[in-house]
Amino acid sequence: MTETGEAQHVIRARREKVEQLREMGIEPYAYRYEPTTCAEAAVRDYLTVGEQSTVNVRLAGRVRSLRFHGKTTFAHLEDRTGKIQVYFRRDVLGEAVYRVVRLLDLGDWIGVEGALFRTRTGEITVRADELQLLAKTLRPLPFGKEETDESGGFVIHSGFADLESRYRQRYADLAVHPKVRARFVVRTRVLREIRRFLDDRGFLDVETPILQPIYGGATAKPFKTHHRALDAELYLRIADELYLKRLIVGGLERVYEIGKVFRNEGTDRTHNPEFSMLELYQAYADYEDMMELTEALVHHVVVEVTGSSTVSYQGRQLDFRPPAPRLSWHEAVRKYGSVDASQLEGRALRAAALEAGVEDADAKGRAALLDGLFKTLVEEHLTGPVIIYDYPVELSPLAKHKRGGDSDVTERFELYVASWEIANAFSELNDPFEQRERFEAQVRMREEGWEEAHQIDEDYLTALEYGMPPTGGMGLGIDRLVMLLTDSASIREVILFPTLRPE
RNA sequence: GACCGGGUAGCUCAGGUGGCAGAGCAGCGGACUUUUAAUCCGCAGGUCCUGGGUUCGAAUCCCAGCCCGGUCACCA
């Protein structure tokens, strides 16, 4: 990164400070520090016992504010738990150490030790009698000025708001925005609670290949790569599905994987080219079992992470207490679109799609027309949570037909929240004859120019021929769930390093 | 991929009907032993996204491109 003008000026000034420190025998980049407490605990301790007895603390963190007053200096130190004020006095620290205080900059990492007291204005503060510089910053961090106004509101006077800069330099975004740090703490808690829930139910946490010779399990364009030593074309997975079901064939019975999948498609507020999915498979279960499991899992995560069953997302209240309302796919289209798609064939379906405003309805096949009808007429109403079940067979090539003879629909459901598909599940197709037919149908669509159609995965068919028990499977978009729980409008706010065009 | 909006100091933003490049915060020097958007005095800091064009003169107008955001398409 090249700097011009002022940035170079600031960096030069700080390099000179580093030189000064070294000349004073101070190493500006330390090896270790051992804090005995954190900002939050220090304040809490003072409030419980500090008013009567002395509380000594040893804290480490980043310098968030500095106010020099000649022979005294006030600073705020920030660690992962919050901020605490530090008071430096030349007569306490001595001339040499106080010179180090005067060389501090915003953003420096320091360790301080001292007793807690309350200042004249009432703020709990560390009276530092030791200071250790842990790491000097060379580059100015874009801290905003903060204050509490008369009505008690929190005001940030300037900040670091440019989205591109925040995403490209996430380290700076995290360093200056405690709320951003908190959002990613929520993300790890979501992952932990998903694992805890599934581990408690006897699921095995497994890992399957990301580099795959044949991709499948979803309809999407893949990323392609090449392995030198094997001289082999490989694809980054678009779904975990086919490998996880091989494990069900192998008798593991309950498996799940949380990991990145990769789809070579456009990005927007709810799509990143690499994103995190949970996929799980449970032997002997069907999609009804998956409905219960999905609702219980999501509810568990919501309650454990937020402390409540309800979430406020972009001004809308979402209630995750099970069971969610259930609506069949055809009922949903009838209810919101006043169209009975199950009765429509060929031209009539195309006419209905045209009337609904589906784009390119002239050129689309039956599956795309059905999907288009649902997306234009229904999706916006699914603020949810709501379960849409029994999808048309055209839309669900990997799900079993609805039992009991009605072969137009499959045993598949999706959980909708905030008009997004959060989870997708079905009674898995375990009939190797039918699976082969469906692969062959995909190949025909591929020959007709549909790039995303699946290839035949002979090894997967071999696995099915060894016998897969009836199995329920479910996939859940981790990023979107985290968006809901952190009230984030964009997926880029919940992915530490979202995909951007290289600079 | 299409359309719309944006890109000016480290950060947040003015300027935009063409006429010396601006503010606040951050930075540097000085004063200040309970401050907290500290205050006061002084100083410094610019590829106005890039490249062309029009013009006596372009941050400003025109063209092309780059990057970001939004909407749509694709998709989860």
Side-chain angles (χ1 to χ4, degrees), chain A residues 1-14 16-17 64-76 83 85-93 98 105-107 117-123 125 127 137-149 155-169 172 176 218-221 238-239 261 263-279 358-360 368 371-372 375 414-416 420-424 451-452 475-481 483 489-492 498 500-503:
Chain A
M1 197 172 195
T2 56
E3 251 66 37
T4 57
E6 181 61 13
Q8 273 179 349
H9 224 205
V10 173
I11 290 166
R12 194 181 314 124
R14 295 200 182 179
E16 283 165 12
K17 287 184 182 176
R64 272 303 311 271
S65 65
L66 275 171
R67 293 178 294 282
F68 297 107
H69 298 271
K71 299 181 187 68
T72 68
T73 297
F74 284 91
H76 275 94
K83 281 191 284 192
Q85 184 167 255
V86 184
Y87 180 44
F88 298 101
R89 291 176 64 101
R90 194 175 67 173
D91 58 4
V92 171
L93 291 164
Y98 196 74
D105 286 296
L106 295 184
F117 75 108
R118 220 184 254 276
T119 62
R120 199 179 284 165
T121 53
E123 182 162 352
T125 300
R127 187 191 312 268
T137 69
L138 292 182
R139 214 174 267 277
L141 277 166
F143 289 118
K145 284 272 178 176
E146 297 160 2
E147 83 176 312
T148 309
D149 62 23
V155 183
I156 296 180
H157 287 274
S158 65
F160 187 46
D162 181 69
L163 291 176
E164 182 177 358
S165 305
R166 286 186 49 230
Y167 299 149
R168 287 199 195 275
Q169 293 193 275
V176 304
T219 304
K221 296 189 193 82
I238 59 172
V261 298
R263 300 193 183 173
N264 209 337
E265 288 154 0
T267 74
D268 64 25
R269 216 169 75 251
T270 58
H271 296 84
N272 196 63
E274 56 178 298
F275 63 102
S276 296
M277 279 249 294
L278 161 70
E279 284 197 38
V358 175
E359 289 208 9
D360 299 325
D371 196 36
K375 285 197 162 136
E414 292 201 354
L415 173 64
Y416 271 88
W420 308 328
E421 302 156 49
I422 291 293
N424 178 25
E451 237 184 298
E452 291 93 334
L476 184 146
I478 303 281
D479 311 276
R480 290 184 178 178
L481 182 59
M483 286 172 71
S490 167
I491 198 168
R492 297 176 202 106
L500 296 178
R501 198 178 293 274
E503 281 183 297

Side chains of [X] and [Y]: closer than 4.5 Å at any heavy-atom pair?
X        : Y        : answer
A:Leu141 : A:Phe160 : no
A:Arg269 : A:Met483 : no
A:Leu481 : A:Leu476 : yes
A:Pro273 : A:Thr267 : yes
A:Phe275 : A:Arg263 : yes

Aromatic stack A:Phe143/B:A26: centroid gap under 5.5 Å, interplanar angle under 30°: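 Ring-base stacking flag not set for A:Phe143 and B:A26.
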Base, sugar-phosphate or nothing for [X]? Non-hydrogen atoms, less than 4.0 Å.
X        : value
A:Arg269 : sugar-phosphate
A:Asp268 : base
A:Arg168 : sugar-phosphate
A:Asn264 : nothing

Residues which pass salt bridge (Lys or Arg N to Asp or Glu O under 4.0 Å) with A:Arg14, listed by chain and number, not counting sequence neighbours: A:Asp105
Nucleotide forming a Watson-Crick or wobble pair with [N], both distances under 3.5 Å:
N     : answer
B:U47 : none
B:C56 : B:G19
B:C40 : B:G30
B:G69 : B:C4
B:A14 : none

Please state whether the base of [N] and the side chain of [X] form at least one donor-acceptor pair under 3.5 Å?
X       : N     : value
A:Arg89 : B:U33 : yes
A:Thr72 : B:U34 : no
A:Gln85 : B:U35 : yes

On the nucleotide [N], are OP1 or OP2 found under 4.0 Å from the side-chain N or O atoms that [X] carries?
X        : N     : result
A:Lys17  : B:G27 : no
A:Arg14  : B:G27 : no
A:Arg492 : B:G70 : yes
A:Arg67  : B:U35 : no
A:Arg127 : B:U34 : no

Same-atom distance ([atom1]) from [N] to [M], integer angstrom:
N     : M     : atom1 : answer
B:A59 : B:U47 : P     : 13 Å
B:U39 : B:A26 : P     : 8 Å
B:G69 : B:U33 : P     : 50 Å
B:C28 : B:A44 : C1'   : 7 Å
B:G10 : B:G45 : C1'   : 10 Å
B:G16 : B:C62 : C1'   : 15 Å
B:C48 : B:G22 : C1'   : 12 Å
B:G19 : B:G57 : C1'   : 7 Å

Protein-nucleotides 1-4 of chain B N/O pairs closer than 3.5 Å?
none

Identify which nucleotide among [options] has an atom closest to any side-chain atom of [X], counting heavy atoms from C-beta outward.
X        : options             : result
A:Asp105 : B:A76, B:A38, B:G27 : B:G27
A:Val10  : B:G27, B:A73, B:U35 : B:G27
A:Arg480 : B:A76, B:U34, B:U12 : B:A76
A:Leu500 : B:U34, B:C68, B:C74 : B:C68

Parallel, tilted or perpendicular: ring planes of A:His69 versus A:Phe74, cut at 30 and 60 degrees: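 Because their plane-to-plane angle is over 60°, the rings of A:His69 and A:Phe74 count as perpendicular.
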Euclidean distance, A:Arg64 CZ relative to A:His76 NE2, rounded to 0.5 Å: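 With rounding to 0.5 Å, NE2 (A:His76) is 10.0 Å from CZ (A:Arg64).
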Spacing of A:Arg89 atom CZ and A:Leu93 atom CG [to the nearest 0.5 Å]: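 Going from the CZ atom of A:Arg89 to the CG atom of A:Leu93 covers 10.0 Å.
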Which pairs, protein N/O on one side and nucleotides 5-7 of chain B N/O on the other, fall under 3.5 Å?
none

5' precedence on RNA chain B between A:Asp91 and A:Asp162 (nearest-nucleotide basis): A:Asp162
Residue closer to the 5' end of RNA chain B, A:Ser65 versus A:Leu141 (nearest nucleotide): A:Leu141
